[in-house]
Undergrad: 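This structure is in C-alpha cells; I'll ask about it shortly.
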2 protein chains.
Amino acid sequence: MPRPISQSRTDLVDNALAAFWNVGFQAISMGDLVQETGVSRGSIYSDFKGKRELFHACLARYQEVAVTPKFARVEAEGAKLSEIKQFLEDGIASQESFDGPMRGCLVVNTLAQLDPADKETKQYLDFHTTRLTNGFRTVFERENALTGALSDQDVIALAEFTTTSVLGLWSISRKITDADEMRRYADMLMSLISAKLGVECPT
Amino acid sequence: MPRPISQSRTDLVDNALAAFWNVGFQAISMGDLVQETGVSRGSIYSDFKGKRELFHACLARYQEVAVTPKFARVEAEGAKLSEIKQFLEDGIASQESFDGPMRGCLVVNTLAQLDPADKETKQYLDFHTTRLTNGFRTVFERENALTGALSDQDVIALAEFTTTSVLGLWSISRKITDADEMRRYADMLMSLISAKLGVECPT
DNA sequence: CTTGTAATGGAACGATCATTCCAATACAAG
DNA sequence: CTTGTATTGGAATGATCGTTCCATTACAAG
C-alpha cells in the first residue's frame, strides 16, 4: 500500500539515528534502515544522497536529542562543577535505563571507525569535542575566578583533559554492565578536577 | 608460482594485525588481507577458521607487539609514577612517528564497533583493560604506601579511572594531528594523579 | 471528479563480501 | 627420481551490499 500517512522526515532521522547508534554505521545496511525507520528506499534516497549523508544528518540530530538535553546545563550561564557532575550522572543514568545493548556515545563509536580521509564526517566529531571542551572550560574559568589557582593555560588543559577523559568513559561503557563502575569513575573525575581547581568537590 | 618460500605464520598475523589496526575489522576485506599479508586465501583459511578467528589471533598478538613493549615497565617490580609517565610518552611518540593515518588503539577501536553478542571478542578487550588497571593499581599501591593518603578502595578507583582516561586518549587520538595536545593531556593526567596520591609529580 | 505530487513496495543492478574448492606446483624427505 | 605435503593463484559460490528505477497508489488542491 503505497503512500500511507505522510510522516515528518524527523521520524526518518530519529529512527535512523537510533539504528546507527545501536548497531553502527558500517554494520547496518540500507535494508535494515528501511525496516527500522519504516520509510521506503525511494523516499530515503529522495531526501538524502546516500547512506553517508543520512548518517551526517543523524550526527547533527544526535547533538539535539542526546547531547543538548544533558549538556545544556553545563553550557548555561552560571554553571558550576555541580552541573558537570549532574551531566555525568545524567549520561550514566540514561545508559543504565536504556533497554538494549550498551551503545556508548555515537561520536566515540564513529571516531573509532572513522576513515582518515573522510573530512566531512570528521567535522561533526570536531564539533562535539569542541563543544564539550568549551562547556567545561567556561565552568572551570568561573570556578577558577574565585581561587585563581590555575593559569589560563591550565584551565584550558584541564578542560581538554576532561573532554578526553569523558570520551574514555563512553568508550569503555560499551563493555561495562555495572553502572556503579561508571559512577565511581565520575566521582573520581569530579574529585580530581575539584582538587586541581582548589574548590570543594560537589556532592 | 605456488609454494614460494615457506614463511613463518607469525608474518601472517603480524601483517594482518597491521591491516586490522590501520583500516579496521569491518572495513578490511579478506582480499585486502591476502594482499597485505602476502599469504594466499587457501593458506589463511587452512590456519584460521575465518576472518574473525584471525582477528582474535591479531588481538592476542597486539598485546605482545604493541602493549607489552610499552607497558612492561609499568608492570615491572618497583615501578613508580615516572614509569606511567614514560608509558604515556612512549605511546604518544609511537603514534607521532607512525607514518600513516592516526590508528589509535586497536582495543579502543574494537570496543566501539563490538557486537554486544560477541562474547569471544569481548574477552580480549577485557584482558586489555584489566591488564592496564592492574598495572596502574600496583604502582598506585606502591606510591600510596609511602603517604597512606588513599584507602584501598580509592586506589582501585584511581586505577580504574586512569585506565578509562587513557582509553579516551586513544579514542581522540584518531582525530588529533597535534601530538602536543596529547602531551598536554598526559601531563595533566600525571598532575592529577600525583596530587591525589599526595606525591611529587614526575617530570 | 481531475490533476499533481509524494511516497510506496519491490525488482533490478553491479559490486563486493566471506568462504569454499581445486588443479598446479615447489620443496623436503625417502 | 619418487612420493608426500604444504602452499599457491584463482575460479566459483551464494549472500549481501548501496544504489537506481519505476509502475502503482494515496492524498491534497483545484
Side-chain angles (χ1 to χ4, degrees), chain A residues 1-59 106 109-110 113-115 117-118 120-121 124, chain B residues 1-59 106 109-110 113-115 117-118 120-121 124:
Chain A
M1 304 106 227
R3 188 61 204 270
I5 310 116
S6 174
Q7 45 191 350
S8 159
R9 273 302 101 98
T10 305
D11 292 9
L12 203 182
V13 176
D14 280 345
N15 291 325
L17 167 58
F20 281 129
W21 195 356
N22 289 329
V23 185
F25 175 77
Q26 314 210 47
I28 206 148
S29 72
M30 288 303 287
D32 298 332
L33 254 12
V34 168
Q35 187 167 348
E36 295 294 324
T37 64
V39 178
S40 68
R41 275 179 145 82
S43 293
I44 292 180
Y45 277 95
S46 82
D47 285 2
F48 300 95
K49 278 192 278 190
K51 190 185 180 186
R52 175 162 298 274
E53 196 181 84
L54 172 58
F55 182 58
H56 289 159
C58 291
L59 279 172
L106 179 63
N109 298 350
T110 305
Q113 46 196 302
L114 175 68
D115 172 6
D118 183 358
E120 208 175 341
T121 302
Y124 291 90
Chain B
M1 303 113 221
R3 185 64 202 267
I5 310 114
S6 173
Q7 45 191 348
S8 159
R9 275 300 102 97
T10 305
D11 291 11
L12 203 181
V13 176
D14 280 346
N15 291 325
L17 167 58
F20 281 128
W21 196 355
N22 289 330
V23 185
F25 175 76
Q26 314 210 47
I28 205 147
S29 72
M30 290 301 289
D32 298 331
L33 254 11
V34 167
Q35 187 167 348
E36 295 295 325
T37 64
V39 178
S40 68
R41 277 180 144 77
S43 293
I44 292 179
Y45 277 95
S46 81
D47 286 4
F48 300 95
K49 278 191 278 189
K51 192 186 182 186
R52 176 162 297 274
E53 195 180 86
L54 173 59
F55 182 58
H56 290 158
C58 292
L59 278 173
L106 180 63
N109 299 350
T110 305
Q113 46 195 301
L114 175 68
D115 172 6
D118 184 356
E120 208 175 340
T121 302
Y124 291 91

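These numbers come from the heavy atoms of this one structure, side chains and all, not from hydrogens, waters or symmetry mates. Chain A is the first sequence line, chain B the second, and so forth, proteins listed ahead of strands; every chain is numbered from 1. Computed from a predicted model, the values in this text were never measured in an experiment.
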Undergrad: Need one value for B:Ser29: base, sugar-phosphate or nothing, where a base atom within 4.0 Å counts as base even if backbone is also close, heavy atoms only.
TA: sugar-phosphate
Undergrad: Between A:Gln113 and A:Asn109, is there a donor-acceptor pair closer than 3.5 Å when you use the side chain of the first and the backbone of the second?
TA: yes
Undergrad: In whole Å, I'd like the distance from the CG atom of A:Leu33 to the P atom of D:dC17.
TA: 11 Å
Undergrad: Can you tell me how far P of D:dT8 sits from OH of B:Tyr45, to the nearest Å?
TA: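 Whole-Å distance recorded here is 15 Å.
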Undergrad: Between D:dC17 atom C1' and A:Gln35 atom CD, what is the distance in whole Å?
TA: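 About 16 Å, once rounded to whole Å.
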Undergrad: If only side-chain N and O atoms of B:Ser40 are considered, is one of them under 4.0 Å from the OP1 or OP2 phosphate oxygen of D:dT8?
TA: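 The answer is yes; a side-chain N or O of B:Ser40 sits under 4.0 Å from OP1 or OP2.
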Undergrad: What distance separates B:Arg52 CZ from B:Thr121 OG1, expressed to the nearest 0.5 Å?
TA: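 Taking CZ in B:Arg52 and OG1 in B:Thr121, the distance rounds to 4.5 Å.
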Undergrad: A:Leu12 has an atom CG; how far is it from atom P of C:dA6, in whole Å?
TA: 16 Å
Undergrad: Measure distances between side-chain N and O atoms of B:Arg41 and base N and O atoms of D:dT8, and say whether any donor-acceptor pair falls under 3.5 Å.
TA: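 Such a pair does not exist between side chain and base.
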Undergrad: Grab the CZ-C1' distance between B:Phe48 and C:dT20 for me, whole Å please.
TA: 18 Å
Undergrad: Students often mix this up, so state it plainly: with edges at 30° and 60°, are the rings of A:His56 and A:Tyr124 parallel, tilted or perpendicular?
TA: parallel
Undergrad: Could you tell me the separation between the CG atom of A:Leu54 and the CZ atom of A:Phe25, rounded to the nearest 0.5 Å?
TA: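 The CZ atom of A:Phe25 is 9.0 Å from CG of A:Leu54, to the nearest 0.5 Å.
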Undergrad: Does some side-chain heavy atom of A:Phe55 sit less than 4.5 Å from a side-chain heavy atom of A:Leu106?
TA: yes
Undergrad: Measure the distance from NZ on B:Lys49 to P on C:dA18 and round it to the nearest whole Å.
TA: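 In whole Å, C:dA18 P and B:Lys49 NZ are 18 Å from each other.
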Undergrad: Quick check for you: among C:dA18, D:dT8, C:dT8, whose closest atom lies nearest to any side-chain atom of B:Val39?
TA: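 Nearest nucleotide to the side chain: D:dT8.
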Undergrad: Taking for each residue the nucleotide of DNA chain D with the nearest heavy atom, is it A:Phe25 or A:Gly42 whose nucleotide lies nearer the 5' end?
TA: A:Phe25
Undergrad: Assign B:Ile28 to base, sugar-phosphate, or nothing according to its heavy-atom contacts below 4.0 angstrom with the strands shown.
TA: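 Counting heavy atoms under 4.0 Å across all strands, the contact made by B:Ile28 is with sugar-phosphate only.
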Undergrad: For B:Met30 and C:dA15, give me the distance from atom CE to atom C1', rounded to whole Å.
TA: 19 Å
Undergrad: Starting at CG of A:Leu54 and ending at P of D:dT19, how long is that distance when rounded to a whole Å?
TA: 10 Å
